[in-house]
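Written out below as structure tokens is the structure these notes cover.
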Amino acid sequence: MSLTINIPDTSKKRIVIVGCGFAGLSFAKELSKSDFQVVIIDKNNFHQFQPLFYQVATAGLEPRDITFPIRKIFQNFNDYFIRIADVTKVNSEINQIETSLGNLYYDYLVLANGADTSFFGMHNIQKHAKPMKNVYESVGLLWDILQNMEDALTSDVVEELMNIVVVGGGPTGVEISGALAEMKKFVFPKDYPEIDCSKINIYLIEASTKLLGSMSEKSSAKAKNFLERMGVNVLTSTAVKDYDGHLVSLGDGKIIKSKTLIWAAGIQGNIISGINANNFTRSNRILVDKFNNVKNYQNIFALGDIACMNTEIYPNGHPQVAQVAIQQAKNLASNLRKNTWKEFKYKDLGSMATIGRNKAVVDLKYIHFDGFIAWLVWMLIHLRSIFGVKNKILIFINWVWSYLTYDQSLRLLFKPFKK
Ligand SMILES: Cc1cc2nc3c(=O)[nH]c(=O)nc-3n(C[C@H](O)[C@H](O)[C@H](O)COP(=O)(O)OP(=O)(O)OC[C@H]3O[C@@H](n4cnc5c(N)ncnc54)[C@H](O)[C@@H]3O)c2cc1C
């Protein structure tokens, strides 16, 4: 069988979008009333809601709750074509991309292919740590956490199985540490009455001096306080130097025995070859101008996590968060549609992180608050942002159920069946 990408040539100009994450999806939707032929290419046939990966990894939500089929989103869009393929190279001299389904001509190319985990060149950690940068990795992490508990019933290396080390004190590290602490308190003692669950230790390790580095001092201190009250060992100003799958070596010489090291410490852009190496930053982001145009390429643009727009307020590029991706996508779509070119200006709507039941921190422009109200705000904003009415309802039901019962219902160890 030979494959071809099979997109019809028409008189319309063709925009090819690589990636249907927050940026690619918003950009494609904004073009609905344009005169372009729109081609969306993603490796997966679904859009993923990354902010809730940690809930999949801790049995709070199912993968299907936080993913949405791309084809369903664009069912009623005219002249939209979707292909599930890996884009591997850009040949800008002939306006073509290479994909796993063959080559495709573009009039405009929009790179919205996001980022992946960065291990900062530490190969041992890369080999043994568990990242959480896609829904598959989140499911894999849940599997490891549950399997370790099963093994702890019968193994003689219980300490290693019961220590969980989370590296990176940003929102992801904070949120998963809090969720694990709640599993330790409310779930594992009921599921595993034979295990002394007080011996489960959760460590959150952060190299800088504080958690939630991009948030206010107040929120950062409050998050630490919440986590410590929940029994998490928070180690700031501590770097992880090495990990062999059993022993975590810290910068101060200490060693922690652990079979599970969750890596939430850094990301780097997903590289597609063909773009000049001078256009990349050290973390593989693509340098763009104030219109998201890739420098020295007239008809290639980059959006979201992969793009790096240096501005006065953000000299090292904007934060790699969903709002930046969405706002850049809307601005670029409007510029291309109207053919009037407005510079991108990021409107920071604030930031937040949840630590656990009734515990969250929220930073808005002029106020910072925490606790129950912050937790409600966090839930409402996430429910509002998730794609699809059914997904919203399923997540809402799961959250209410967990809140009332102190339980999650999704602790399933699905494994490939071997006869
Ligand atoms: C665990 C976690 C928690 C987060 N929490 C928050 C949060 O609470 N708030 C917040 O604002 N942000 C959060 N973020 C960050 C946020 O998710 C990203 O900033 C956002 O997803 C960036 O959008 P994007 O469209 O640039 O990239 P992505 O959403 O990563 O989308 C990239 C898309 O490109 C596709 N792709 C990649 N390479 C190729 C290729 N070669 N060929 C074809 N397709 C390709 C991928 O499959 C993917 O669909 C979190 C991220 C993670 C990982």
Side-chain angles (χ1 to χ4, degrees), residues 16-28 39-58 66-68 70 82-90 97-101 104 109-118 130-138 141 166 168 170-176 179 212 214-215 262-274 284-286 292 301-308 317-329 346 348-354 360-362 378 381-382 385-387:
V16 176
I17 306 166
V18 184
C20 196
F22 283 104
L25 175 60
S26 309
F27 178 72
V39 181
I40 302 164
I41 308 180
D42 199 295
K43 287 185 203 177
N44 299 304
N45 80 336
F46 51 83
H47 167 79
Q48 316 181 56
F49 191 78
Q50 302 186 15
L52 293 179
F53 281 166
Y54 85 94
Q55 294 211 359
V56 171
T58 50
I66 59 152
T67 49
F68 204 83
I70 297 171
I82 294 155
R83 293 293 178 266
I84 307 310
D86 190 0
V87 176
T88 49
K89 190 170 180 195
V90 180
I97 51 165
E98 293 178 19
T99 83
S100 49
L101 290 175
L104 180 67
L109 177 65
V110 176
L111 299 171
N113 51 315
D116 203 350
T117 306
S118 168
K130 320 276 178 226
M132 202 177 43
K133 197 65 185 80
N134 56 53
V135 75
Y136 307 109
E137 288 174 349
S138 311
L141 183 51
V166 179
T172 303
V174 164
E175 291 182 346
I176 195 156
L212 302 176
S214 59
M215 293 187 73
I262 302 171
W263 189 257
I267 58 170
Q268 59 184 11
N270 288 316
I271 287 196
I272 293 174
S273 70
N284 295 345
R285 291 171 85 180
I286 301 176
N292 282 92
F301 299 85
L303 296 173
D305 278 6
I306 188 71
C308 180
H318 294 91
Q320 286 160 294
V321 295
Q323 267 306 318
V324 170
I326 293 167
Q327 292 179 30
Q328 286 184 344
Y346 176 47
D348 187 353
L349 301 178
S351 42
M352 58 184 75
T354 183
V361 289
V362 174
W378 181 93
I381 298 234
H382 281 73
S385 315
I386 200 96
F387 229 90

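Indexing begins at 1, ligand by ligand and atom by atom, following the structure's order. Since the model is a prediction, treat every value here as computed from it, not as a measurement.
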[X], any N or O under 3.5 Å of ligand 1 N or O:
X: Thr172; result: no
X: Met132; result: no
X: Glu175; result: no
X: Val18; result: no
X: Ile306; result: no
X: Gln48; result: no

- request: Find all atoms of ligand 1 within a distance of less than 4.0 Å from any non-hydrogen atom belonging to Gly304, and give their numbers and elements.
  value: 26 (O)

Can you report which non-hydrogen protein atom sits closest to [atom], along with the distance?
atom: atom 47 (O) of ligand 1; answer: Asp42 OD1, 2.7 Å
atom: atom 50 (C) of ligand 1; answer: Gln50 CB, 4.2 Å
atom: atom 20 (C) of ligand 1; answer: Phe22 CD1, 3.5 Å
atom: atom 6 (C) of ligand 1; answer: Pro51 CG, 3.5 Å
atom: atom 16 (C) of ligand 1; answer: Ala322 N, 3.9 Å
atom: atom 15 (C) of ligand 1; answer: Gln320 O, 3.6 Å
atom: atom 34 (O) of ligand 1; answer: Gly19 CA, 3.2 Å
atom: atom 25 (O) of ligand 1; answer: Ala23 N, 2.8 Å

Treating [X] as the side-chain partner and [Y] as the backbone partner, does any N or O pair qualify as donor plus acceptor under 3.5 Å?
X: Asp42; Y: Ile84; answer: no
X: Ser273; Y: Thr88; answer: yes
X: Arg83; Y: Ile41; answer: no
X: Trp263; Y: Val166; answer: no
X: Asn284; Y: Asn270; answer: no
X: Asn44; Y: Phe46; answer: no

Could you tell me if the side chain of [Y] sits less than 4.5 Å from the side chain of [X], heavy atoms only?
X: Gln50; Y: Lys133; answer: yes
X: Leu141; Y: Ile262; answer: yes
X: Phe27; Y: Asn292; answer: no

message: Given Phe49, which partner from the list Tyr54, Phe68, Phe22, Phe387 fulfils the ring-ring contact (aromatic ring centres under 6.0 Å, His included) test?
response: Phe22

query: Which option out of Asn113, Asn45, Leu25, Asp86 puts a heavy atom nearest to atom 40 (C) of ligand 1?
result: Asp86

- request: May I ask which of Ile40, Asp305, Asn44, Asn134 has a heavy atom nearer to atom 19 (O) of ligand 1 than the others do?
  value: Asp305

message: With the threshold set strictly below 4.0 angstrom, can you tell me whether any protein non-hydrogen atom sits that near atom 42 (N) of ligand 1?
response: yes

- request: Could you tell me which residues satisfy ring-ring contact (aromatic ring centres under 6.0 Å, His included) with Tyr346, sequence neighbours excluded, listed by chain and number?
  value: Tyr314, His318

field: Part of Lys43 within contact of ligand 1 (heavy atoms, under 4.0 Å)
entry: both

- request: Just jot down the salt bridge (Lys or Arg N to Asp or Glu O under 4.0 Å) partners of Lys130, sequence neighbours excluded, or say none.
  value: Asp144

message: Does the residue Ala112 have a heavy-atom contact with ligand 1, meaning some pair of atoms that are separated by less than 4.0 Å?
response: yes

query: Is there a heavy atom of Ala85 sitting under 4.0 angstrom from any atom of ligand 1?
result: yes

message: Could you walk me through whether His47 and Thr67 satisfy the side chain to side chain contact (heavy atoms under 4.5 Å, CB included) test, starting with their C-alpha distance in whole Å, then the side-chain angles of each, then the deciding distance to 0.1 Å, before giving a yes or no?
response: CA-CA 5 Å; His47 167 79; Thr67 49; over 6 Å; no

